[in-house]
Amino acid sequence: MKRKTKKKLIQAGVALSVIAVAILVIYFITRTWPIYDYQPLIDHVDYGPATEFAPLAAETKPDGMPNAVKAAESDTLVLYVDEVTCNVAVTDKRNQTTWYAAPADVASDPIANPMEKNLMQSPLVLQYFTATRLKSTMLSYDKAVLNGQVVLKSIPNGVRVEYTIGDTSLGINAAPMYLTAERLEEKILSQLEDESEVKWVRQRYVASKEKEGFLQLLGSVVNSKIHSAHLLEILSTVGYTLDDLAEDNETAGYEMDLTFNYFFIPVHYVLSGSKLIASIHTDEIVCSGDTTIGTLDFMRFFGAGGPDEEGYLMIPDGSGALINFNNGKQSEEMYIGTVYSQDYLMYWTFPQVTQTIRMPVYGIKRDNAAFFAEILHGSAISTIYADVSGRTNSYNNVYASFTLRENEMLNVAGITGADSDMTVVQANPYSGNITIQYSFLANEEASYAGMANAYQQDLVDRGTLRPLDSAENVPFYLDVLGAIEKESYLLGIPYYAKVPMTTYQQAQSIVSELAAQNVGHVQMQWLGWFNGGINHHLPKVVNPIGSIGGKKDRSALIDTLSATGGNLYPAVKFISAVYESKNMNQMHEMAKSVAGYMGFYTGYNREFLRTSRTRFWSDVYQLVHPGMMPKIIDQFLTQYEKQDLDTISLQDMGDNLTSSLHRINSVDRESSKMIMSDQMRKLNEDIGDMMVVGGNDYSWAYTQNMVDVPTGADRYYIVDESIPFMQMVLHGYVDYAGTPVNSNDAYNPDDQFLTMLEYGASPHYVWTYQPTVMMERTPYDRYYSTQYTDWINQAVTFYQQYNNVYKNLRTQQMTDYVLYADGVSATVFEDGTRVYVNKTNKAVSVSGPDGAVQIAAKGYFVTGVGTR
Amino acid sequence: MLLHPVDGFYEMKFEKRGRYSVAVLNFILMWISYAIYNQYGSVVVNQRNPISYNALVDFGTVSVMFILWCVANWSVTSLANGEGKLGEIAMATCYAMTPIILTFIPMTLLSHVMAEGETAFYFLAIGAAVVYFVVLMFTGMMTVHNYSPGKTIGVIALTFLAMLIIVFLIMLLSTLWSQLYVFVYSIYIELSYRG
């Protein structure tokens, strides 16, 4: 009996230890699950070795910078650096305009207070987290320049400015805490002449209780700023040195409790042709102690426009927008825009339905000069700010801020209230460079058209943009909804039925109907063809839906489309998968937020102004971990190969950008961008022709078909005009279309058609064959107006008119855009063709270069070579 | 059994003529007929919204109630000299569901050819089925445990009380467990993020 009990105990023990080991093994496997090694994708541009600063000989100095020296010179530019403030200035030799990093006459700004003046002279503004994760701010001017903690160094063609921002003085620690009576007499008291001072010091050093034979400094001195300052002053008059301090501390066996709070940040300014490159290598940044940098505002007032200057700020909101200098709107909200929109992982609340920033660019035009800035590295973690004069200072500025570390509140202890929330800060920030490239434009180039042209030229040089092949007609973009998943019931048991809204055969008949009315070159994006429907499961596997037709039907459809120059693009989502995805491993394949929350998000709910759980589980999504994306895409490619398709439409990869910021296996947003761009290259190489929805700039190199491109900017109060900046960059290199005409919030087909002409955006519709009532009670009820019979006549008319204007302009560059009055504009092309558009209710007459032009109310008029 | 309930249950218990397979089938049929009743009943009579009705939830509720009933009844009758075993209680309960199965499906079909004024017949039939179900349950319990009618009523009342106590204990336990979980979890969070 006893033996049996013993045996049982041993067995239990063995079983328990096996379980314990298993748990540990599982724990370590899950923590160290390998993700894609994205480090090689991160660009580390080196600007050469730094040497002792050696200014070049200069005859002139820019106005208002008496301490400036010449740091570098190129054919068109001169780079100056102020030896005192360490701010830079660039003079454009073509028109003798100087661009200052800090406005030259900050001191005389009548509005700015002293704090604001410090801010205006700081090219770096840090928002950081203390060791206890409280947010705080530091400016490079008052915490580095005024403390004399900046070092200048020379690098090839430029200058390296090493800032140590923060407090590195010893403070009261410079006074000895413990010392012997003899040392006190010898080093301090004997040197003092004033008897009252001797008495004061003697009273502050009393016999120590902790260290026998030593005198100790009173706590009241340490804690009092006035007494501390007085003691330090005495010490400096008697010449008590740091060596003396070290000796005293050593004899007393005392270690100073030093908590310096500083950040070491080197900044590079390099001239390259007519460009200035400003760069921070984030891997060189040093943070003291447990402090960490949250956000970094870089070159906040570079090129800021003064109160008397003419000009505007160009912001990349939507298709592009202008804010005029001194427009008097200082009581409106300033412009803040997160590049590529906010990350669904971290932000659930979207108080406004806004346009996404597709290109990380901005610019300033000032009198007859302009600069155009492109964020070369770090765009995915940047936010663009723009403000006009009059609010807290007299300048108009636009700049980028970089979020190195996100933070999130984590609820602890299951109780509610502010006390129970703990701030968690992102552990692994982006480790590459942050680079802004400023291109300077002079004289007639100095305009937003010049900026667009400069950007386009850069993109062409980099090989991102390739000219379009010529075609007979402009494309007609058609999104077709195939199968949708609809919750249905059998015997009261819910299941998802795959309801075919359009089959391949039906689509073929739509295409034939269009062809019969001379609408060719139909570029068809097919939504809802595999893995359950439009909101499909993770595309690790590809299971086509049979109810919309088989492979043969699809091939027949492709043949019909390509007969008139079009093609079929099956839509696939990669960065999110619908909640019901059975093939998604939530532990490894799902993105996690800073505090470790799972990356769920849902369709946007306009009632609550946030993404919140809707009525449908098929509208709840899981965000895919960007580090797992390459593996998932590899699996997808092997499966997709069997489908015999040589086209694909990326529904979300070029539209949204997400990250996984939890400390385990984290991928920051900029690295995520690199991964996505690299994966798009892979998809493009393996599959072929790609269509991209949205069209963020990192997808431009891999596509010549974009839909849902912004055609306008948000109507923020501070914004004065919206311009087709993105279109000026892309036209002639990419075929693009705006959002579908029939899914617009308001029914105003005339305005939409005129916008198409104005922005050179091809007609775009989203259609179904079946009546839309079949989509009732599904998340797709937003497509309430898609039955093709309601729209085909309008589509044919729009296409014919648009094709007449644009079939010869398709491969041409859009060289300018002139806004005559609100709603009256002309879009200018390479060959001189001008497309005049009048959206107002009255006929107008404008004087173009070919004389006066009459434009009918809600009408358009074309002049120049393109007119046939 | 439907016509001679006392004899029927007597034979089930003492002559072992009841079968578990039939009991399980009865239970499933009851659930199906209940689902059909809710899902496909005509608009005139159907109180539930057929596009948000989930039969699986109902199946869960009914199963839990059924298990609770059997366990509670068994625990009460074991103390009160009942002769029934747990299996017999379950079997008797399932057998008692027969009138529901036989009425709900035909009535659901009929409801589609009824006008609003004629629904009285529908509700009469449904009501009769439920009442007969209760009667059968009563007879079943009485026979299985070999009780007098008066004692059966008392025991059924006690059974409901026992069901309440069981539910209360389960809730108490789950609350305590969740509190313990939150406590351990918050220690883990504090250690991993603040430390």
Quick check on [X]: does its [atom1] atom have over 12 non-hydrogen neighbours (other residues, nucleotides or ligands) under 6.0 Å away?
X       : atom1 : result
K151(B) : NZ    : yes
R48(B)  : CZ    : yes
Y495(A) : OH    : yes
N146(B) : CG    : yes
F123(B) : CZ    : yes

On a heavy-atom basis, which atom in N54(B) and which in P494(A) lie closest, and how many Å separate them?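 Result for this residue pair: OD1-CD, 3.1 Å.
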Heavy atoms only: give me the nearest Y40(B)-Y489(A) pair and the separation to one decimal. OH-O, 4.2 Å
Can you tell which part of A427(A) gets under 4.5 Å to a heavy atom of chain B, answering side chain, backbone, both or neither? neither
Region of L410(A) that comes under 4.5 Å of a non-hydrogen atom in chain B: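 The answer is the side chain of L410(A).
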Between M422(A) and I189(B), does the side chain to side chain contact (heavy atoms under 4.5 Å, CB included) criterion hold? Intermediate values first, please. CA-CA 10 Å; M422(A) 178 169 78; I189(B) 285 183; 3.9 Å; yes
Just how far is it from atom CD1 of I493(A) to atom CG of D58(B), taken to the nearest 0.5 Å?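 Between I493(A) CD1 and D58(B) CG, I get 11.0 Å after rounding to 0.5 Å.
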